[in-house]
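Encoded as structure tokens, the structure appears first; notes follow it.
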Amino acid sequence: MKKLTLKFGGTSVGTIEQIRKVANIVKKRHDDGNQIIVIVSAMAGATNKLMSNSKSISKNFDSKELDVLISSGEQVSSSLLSGALIDLGIKARSWQGWQIPILTDDNYNSSKILNIKTDEILKFISDRGVAVISGFQGISEKSRITTLGRGGSDLSAVAIAKFFETDACEIYTDVEGILTTDPNIDKNAKKIDKISYEEMLEMASLGAKVMQPSAVQASMIDNIPIHVRSTFLEKSGTKIISESEIDHKKVVTGIAYSKNNAKVSIIGVIDKPGVAADVFEPIGKNNVNIDMVIQNTSLDGKTANITFTIKQGDLNKTLSIIEKNKNKINYNKITHNDKLAKVSIIGAGMIASPGVTYKMFRSLANENINILAISTSEIKISVLIQEELTQKAVKILHKTFELN
Ligand code: ASP
Ligand code: MG
């Protein structure tokens, strides 16, 4: 007998039909003699609809009230699934985050889980009950409802697996597993059997949408293996596990991309200590995330150019922050470009294989794709390119690194 955490995403519980199907999957696992805790997302599209309702009320909708609102989608799906299980003759019950409670900090809209009380649910599942927990939700020490960031029911699942010490954490979703790239961009995309936490974290952060990056990070920190698998097909899925359990046959494991990037260049800033800090401090304090950064010194050695990338949606805000701080950040001029994409190759195998960088750049050059900025870590190389070249770049890299 095993104790299992099973998480079902929004499309898996997207319709009544689908919820019945999920109930049957859960029943089967339960009939096998396992103790089961289920985590559900809201029905597909529900959270987006709630978000847009809040925006119709106010552009600056109160963040605490937003959490009350957007956490409600999960209440609907957890009760529907519990009802469907009861209908199949299984003892089942839903729990909302505040009922357990799942205690979080009070960083509304992207809270961190601090603690989860386990006794009541442990008793329930050891008496053959199936516990159905609303993902995404928490409650702060001030007894206010919180949420864990978009896609946060993945994080709920990892935390439940941790606090309840379950034997497995399975993420049921609408794809076969983690794929080498987005199949909508390149139909040669293949399922990956095993991927390390580190690689998965890069993939998720760099644009692969299957799992929430914070959830991957949490699983990495606590070494909670994750099994990503399909709700619709009975297939083997992808195991996200520790690096030491994988032997890398390929240099590159996957290709990720993100669109809607913008680039800002500040030309002619004085080249002296503290300037980069003066540029990025006000931007950071205004909650704009800086991604890539490049600084090049000009030939006279007196001035430098600082280029950085941000999300397109933050461009206007960023430009006005720089403008407001103009007396502090002396510069000649600013240029910007807002239709850019970041394409990344990811693979722990590249640590041990020289020549990956040039291979990537050469194959992009052969397709006439101009690289606007580069950033690297031990296990990834990202390039910034024109957004309309995204598909071309992903396809050639997928082929170059033998993922086809
Ligand atoms: N329903 C939430 C969202 O759409 C959480 C989740 O689906 O993981 O972001
Ligand atoms: Mg999700």
Side-chain angles (χ1 to χ4, degrees), residues 5-15 18-19 22 37-55 61 63 65-81 94-98 100 102 104 107-113 116 132-139 145-161 169-179 182-184 195 200-201 203-219 224 226-232 237-238 240 256 258:
T5 299
L6 308 180
K7 182 251 166 177
F8 293 87
T11 41
S12 301
V13 294
T15 62
Q18 227 12 83
I19 289 175
V22 167
I37 305 178
V38 179
I39 321 294
V40 285
S41 290
M43 295 170 79
T47 315
N48 285 345
K49 180 82 184 58
L50 295 165
M51 288 291 293
S52 86
N53 284 346
S54 76
K55 289 198 183 100
F61 198 87
S63 66
E65 291 306 332
L66 185 66
D67 276 350
V68 177
L69 178 69
I70 64 177
S71 62
S72 64
E74 273 73 8
Q75 178 158 343
V76 173
S77 52
S78 63
S79 69
L80 286 173
L81 179 59
S94 65
W95 268 272
Q96 308 312 306
W98 61 268
I100 300 174
I102 295 177
T104 71
N107 194 0
Y108 299 93
N109 314 155
S110 57
S111 301
K112 287 205 169 49
I113 294 176
I116 300 179
V132 181
I133 297 178
S134 286
F136 190 42
Q137 310 176 344
I139 184 167
I145 286 175
T146 56
T147 61
L148 308 176
R150 293 306 307 271
S153 52
D154 289 337
L155 182 58
S156 308
V158 172
I160 293 289
C169 180
E170 301 182 19
I171 307 278
Y172 281 85
T173 181
D174 56 356
V175 289
E176 207 189 315
I178 309 298
L179 302 185
D182 179 353
N184 299 316
I195 187 169
M200 190 61 224
L201 183 56
M203 293 274 280
S205 314
L206 293 169
K209 295 190 184 69
V210 183
M211 275 203 68
Q212 189 206 31
S214 329
V216 180
Q217 193 179 28
S219 71
I224 312 258
I226 291 174
H227 184 181
V228 179
R229 58 190 303 184
S230 166
T231 308
F232 310 99
T238 301
I240 307 172
S258 67

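Order of appearance sets the numbers: ligands from 1, and atoms from 1 within every ligand. Model, not experiment: these values are computed from the prediction.
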Output, in order, the C-alpha distance, side-chain angles, deciding distance and verdict of side-chain contact (heavy atoms from CB on, under 4.5 Å) for F136 and I70.
CA-CA 9 Å; F136 190 42; I70 64 177; 3.8 Å; yes
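Each of the following atoms of ligand 1 lies closer than 4.0 Å to a heavy atom of T47: 1 (N), 2 (C), 3 (C), 4 (O). Close approach to R150 involves these atoms of ligand 1, each under 4.0 Å from a residue heavy atom: 3 (C), 4 (O), 9 (O).
Not close to ligand 1: G10, with no non-hydrogen atom less than 4.0 angstrom away. Residue contacts with ligand 1 do not include G73, since none of its heavy atoms lies under 4.0 Å from the ligand.
The residue Q212 has no part lying near ligand 1, judged by heavy-atom distances below 4.0 Å.
Of the possible donor and acceptor atoms, one in the side chain of N109 sits under 3.5 Å from a partner among the backbone N and O of S63. Formation of a donor-acceptor pair under 3.5 Å by the Q137 side chain with backbone atoms of S71 is found in this model. At distances below 3.5 Å, at least one donor-acceptor pair connects side-chain atoms of Q212 with backbone N or O atoms of L148. Distance alone, capped at 3.5 Å, places no donor-acceptor pair between the S153 side chain and the G135 backbone.
None of S134, S94, S41 except one satisfies the side-chain hydrogen bond (donor to acceptor under 3.5 Å, both in side chains) rule with S78; the exception is S134. Across R229, H227, K7, a single residue satisfies side-chain hydrogen bond (donor to acceptor under 3.5 Å, both in side chains) together with E170, and that is R229.
Looking at ligand 1, you'll find an N or O of E74 within less than 3.5 Å of one of its N or O atoms. Residue F136 places no N or O, backbone or side chain, under 3.5 Å from any N or O of ligand 1.
With respect to atom 7 (O) of ligand 1, the closest heavy atom belonging to the protein is S41 OG, 3.2 Å. At the shortest separation from atom 6 (C) of ligand 1 among protein heavy atoms lies S153 OG, 3.2 Å.
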